Amino acid sequence: MEHEVFVPVTVERLREALGDPVRVARAVPGLQQDAGADPVAGRLKVRVGSHSITYRGAVRVTGRDDGSYAVEGDATETRGTGSVTLALTLRLRDTEGGTTLTFDGTATADGRVTELPQDAVGSAVVRLLNRFAEALGEAEEEPEEKSDQSEEKPETPEAGETPEPVEPPAPPVEDFTEPAGPPAEAAHARRTMIGRSAEEVDHAPPRGRYAPVPAPQTVASGATLRWAAPAAAVVLASAIVVTRVLRKRR
């Protein structure tokens, strides 16, 4: 295959990016790098039409003496037995307003991608190369962290100068006229009040739901007995009198 892409970036800038594997990995669209692996190695999901295939592999970019670059890669399907092998040649040509990248080479594949329409596969490859070239032109080198090695040195007196003596701070003066705590009489009175209150609390009757039930009052019953006894005697005497009168009449 052969494909050209125009990028509004100078040739020198693209060569710097192609010589840095980290920037090349950032330019591959959708690449998920594996921890601890090479910079341009990991997982890549390729969308072909309405289908998507995820590959795991690596890509190597090597510069040649004639100024071109060899792009070699191989990957296998994460869910299947299919594989892809890529062998391309990348050339940079200085163009007005930027650079033209030319890709030519071959790619062999087997597995799921062979079951898809060739037109859809070709469109997916062209889209992937376009995005790679554009991202390669936008990739910038990470700024190096420069450590500030300048350390502030303490100022030393110049020769001939006598340092002024530093007077030590005066110790704080304590005022012994004011008592440090409450008087002894107040403390004794406080202890006495606390002791009395505690004694009263110990002997105080319980309140609330635990209070004792008061005994029933008998004042009312005693008063009733005082006037009920004479009344009963009067009634009994009246009954005896009535009985005797009735007997005499008979």
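Not measured: the values here are computed from a predicted model.
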Inset, instruction - Quick one: pull up CG in L92 and CZ in R15 and give me the separation to the nearest 0.5 Å. - result: 5.0 Å
Inset, instruction - Walk me through it: do V71 and V59 pass the test side chain to side chain contact (heavy atoms under 4.5 Å, CB included)? - result: CA-CA 7 Å; V71 182; V59 177; 3.9 Å; yes
Inset, instruction - Indicate the atoms forming the closest heavy-atom contact of V11 with T99, along with that distance. - result: N-OG1, 3.2 Å
Legend entry - side chain to side chain contact (heavy atoms under 4.5 Å, CB included) between L136 and L14, worked out: CA-CA 7 Å; L136 191 65; L14 289 177; 4.3 Å; yes
Legend entry - Check: S83/D110 side-chain N/O donor and acceptor closer than 3.5 Å: yes
Legend entry - R127 side chain to R47 backbone, donor-acceptor under 3.5 Å: yes
Legend entry - V48 reachable from L44 in the ILVMFWY side-chain graph, under 4.5 Å edges: yes
Legend entry - Backbone N/O of A120 and side chain of S123: donor-acceptor pair under 3.5 Å: no
Legend entry - CZ on R56 to CG on D74, rounded to 0.5 Å: 13.0 Å
Legend entry - Worked check of side chain to side chain contact (heavy atoms under 4.5 Å, CB included) between Y69 and T62: CA-CA 5 Å; Y69 295 88; T62 308; over 6 Å; no
Inset, instruction - Report yes or no: do N130 and H3 form a side-chain donor-acceptor pair below 3.5 Å? - result: yes
Inset, instruction - Establish whether F6 and F132 are linked, either directly or via other cluster members, by ILVMFWY side-chain heavy-atom contacts under 4.5 Å. - result: no
Inset, instruction - Return the minimal non-hydrogen interatomic distance between R112 and S52, and the atom names on each side. - result: NH2-O, 3.6 Å
Inset, instruction - Working to the nearest 0.5 Å, report the span between CD of E16 and CD of E12. - result: 8.0 Å
Inset, instruction - Begin from the C-alpha positions of D20 and R26 and carry the test salt bridge (charged side-chain N to carboxylate O under 4.0 Å, His left out) through to its verdict. - result: CA-CA 10 Å; D20 187 359; R26 271 192 265 132; 5.3 Å; no
Inset, instruction - Taking all non-hydrogen atoms of both residues into account, name the closest pair between A25 and Q33 and its distance. - result: CB-NE2, 3.0 Å
Legend entry - Approximate separation, where rounding is to 0.5 Å, of L88 CG and T106 OG1: 7.5 Å
Legend entry - Check: E77 side chain, T54 main-chain N or O, donor-acceptor pair, under 3.5 Å: no
Legend entry - Main-chain N/O of E4 paired with T102 side-chain donor or acceptor, under 3.5 Å: no
Legend entry - Least distance between heavy atoms, A133 atom then V5 atom: CB-CG1, 3.6 Å
Legend entry - Minimal non-hydrogen separation, A41 against A58, with atom names: CB-CB, 3.9 Å
Inset, instruction - Check whether any side-chain N or O of T95 sits under 3.5 Å from a backbone N or O of R93 as a donor-acceptor pair, and report yes or no. - result: yes
Legend entry - Closest heavy-atom pair and its distance - V9, R13: CG1-CD, 3.2 Å
Legend entry - Nearest-0.5 Å distance, CG of residue D104 to CG of residue L90: 9.0 Å
Legend entry - Interatomic spacing from CD1 in I53 to CZ in R79 - rounded to 0.5 Å: 12.5 Å
Inset, instruction - Could you tell me whether the side chain of T89 and the main chain of A70 form a donor-acceptor pair under 3.5 Å? - result: no
